[in-house]
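Take a look at the structure set out below.
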Amino acid sequence: MAGTDGSAAARVEALAFYDPAYDYYEQLEDLFGHNTVDDITDMDNEDSYEFSYLISLNRDKIKLLSEEIDDLLKEEDAYFFNILISREKPIASKCFWRYPTEGRGQELIVSSEYFLQDQAAADMLFEDFISENDLLYLTEEELQGAVLLDGQEVSIYYKYFNRSL
């Protein structure tokens, strides 16, 4: 049965549901720097159970949702740090995004590891963030662990982050 061993699924299912008193945007801006965070949370999607943020790792902190992103992509790759936080249980995950110059924003490479050494600092700040907020960090692989939802096995990601998949 899903979630009955020492797996990520078991740890997640053992967590109590919570109702975050706030989203994490301001806290992330304080941590990563002002005007560096894009809130890409899909609040209009009733199947979305996550807060989602993109932190700019680009020169001049050019954000994905800014007008300057097209000019940046003409000259260099664009990098972002994606942080996902469940609104159902205190669970978080992260990944790094890279938009290669030659793709002009149409190609996205996602990695669980940072692309450039200077991006390691973002990873360390994320560790501080999850510790301060008592969040359980799960890797992309752990998010694929099976849990039960209405008697059917689904992934942790599907159940606690986004059911529109």
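- A donor and an acceptor atom, one from each side chain of Glu141 and Thr139, are nowhere located under 3.5 Å apart.
- You'll find the side chain of Ile109 stays beyond 4.5 Å of the side chain of Trp97, heavy atoms only.
- Heavy-atom minimum distance, Pro20 versus Arg87: CD-O, 3.7 Å.
- No donor-acceptor distance shorter than 3.5 angstrom exists from the side chain of Glu140 to the backbone of Cys95, with no hydrogens or angles considered.
- The side chain to side chain donor-acceptor pair (under 3.5 Å) check on Tyr160 picks up Glu13, with sequence neighbours excluded.
- Among residues two or more places apart in sequence or in another chain, the side chain to side chain donor-acceptor pair (under 3.5 Å) test is passed with Tyr49 by Arg163.
- The number of heavy-atom neighbours closer than 6.0 Å to CD of Glu67, taken from other residues, nucleotides and ligands shown, is 12 or below.
- Ile40 is listed as a side-chain neighbour of Leu65, based on a closest heavy-atom distance under 4.5 Å.
- When the salt bridge (Lys or Arg N to Asp or Glu O under 4.0 Å) test is applied to Asp71, the partners found at least two apart in sequence or on another chain are Lys74.
- The shortest non-hydrogen separation linking Asp77 to Pro100 is OD1-CA, 3.3 Å.
- Residues that satisfy the side chain to side chain donor-acceptor pair (under 3.5 Å) test with Glu26, not counting sequence neighbours, are absent from this structure.
- Partners of Lys63 under the salt bridge (Lys or Arg N to Asp or Glu O under 4.0 Å) rule, at least two apart in sequence or in another chain, are Asp38.
- When side chains are defined from C-beta on, Tyr79 does not count as touching Leu72, because their heavy atoms never get closer than 4.5 Å.
- No close placement of the Phe51 and Tyr25 rings is indicated, their centers lying 6.0 Å or farther apart.
- Criterion: ILVMFWY side-chain heavy atoms under 4.5 Å apart, direct or through other members. Under it, Val37 and Ile69 are not part of a common hydrophobic cluster.
- Partners of Glu76 under the salt bridge (Lys or Arg N to Asp or Glu O under 4.0 Å) rule, at least two apart in sequence or in another chain, are Arg59.
- With sequence neighbours left out, the side chain to side chain contact (heavy atoms under 4.5 Å, CB included) criterion links Leu15 to Lys89, Pro90, Ile91, Leu136.
- Of the N and O atoms on the side chains of Ser48 and Asn162, not one donor lies less than 3.5 Å from an acceptor on the other residue.
- Taking each heavy atom of Ile156 and Ala8 in turn, the nearest pair found is CD1-C, 4.1 Å.
- The shortest distance between side-chain heavy atoms of Val154 and Val147 falls below 4.5 Å.
- Residues meeting the ring-ring contact (aromatic ring centres under 6.0 Å, His included) test with Tyr99, sequence neighbours left out: none.
- A search for side chain to side chain contact (heavy atoms under 4.5 Å, CB included) contacts involving Asp70 returns nothing, not counting sequence neighbours.
- Looking at Leu149 and Tyr158, their side chains come closer than 4.5 Å, going by heavy atoms from C-beta outward.
- Applying the side chain to side chain contact (heavy atoms under 4.5 Å, CB included) criterion to Ser111, with sequence neighbours excluded, gives Glu113, Phe115.
- Judged as a side chain to side chain donor-acceptor pair (under 3.5 Å), and not counting sequence neighbours, the contacts of Ser56 are Asn58.
- In this structure, the ring of Tyr137 has its center less than 6.0 angstrom from the ring center of Phe126.
- A distance-only check finds no donor-acceptor pair linking the side chain of Asp60 to the backbone of Ile62 [under 3.5 Å].
- Between Asn82 and Phe96, the closest side-chain pair of non-hydrogen atoms is not below 4.5 Å.
- The shortest distance between side-chain heavy atoms of Ile55 and Lys61 does not fall below 4.5 Å.
- For the pair Gln119 (side chain) and Leu116 (backbone), a donor-acceptor distance under 3.5 Å is present.
- Across every non-hydrogen atom of Ala146 and Ala9, the tightest pair is O-CB, 3.3 Å.
- Partners of Asp123 according to the salt bridge (Lys or Arg N to Asp or Glu O under 4.0 Å) rule, which considers only residues two or more places apart in sequence or in another chain, are Lys94.
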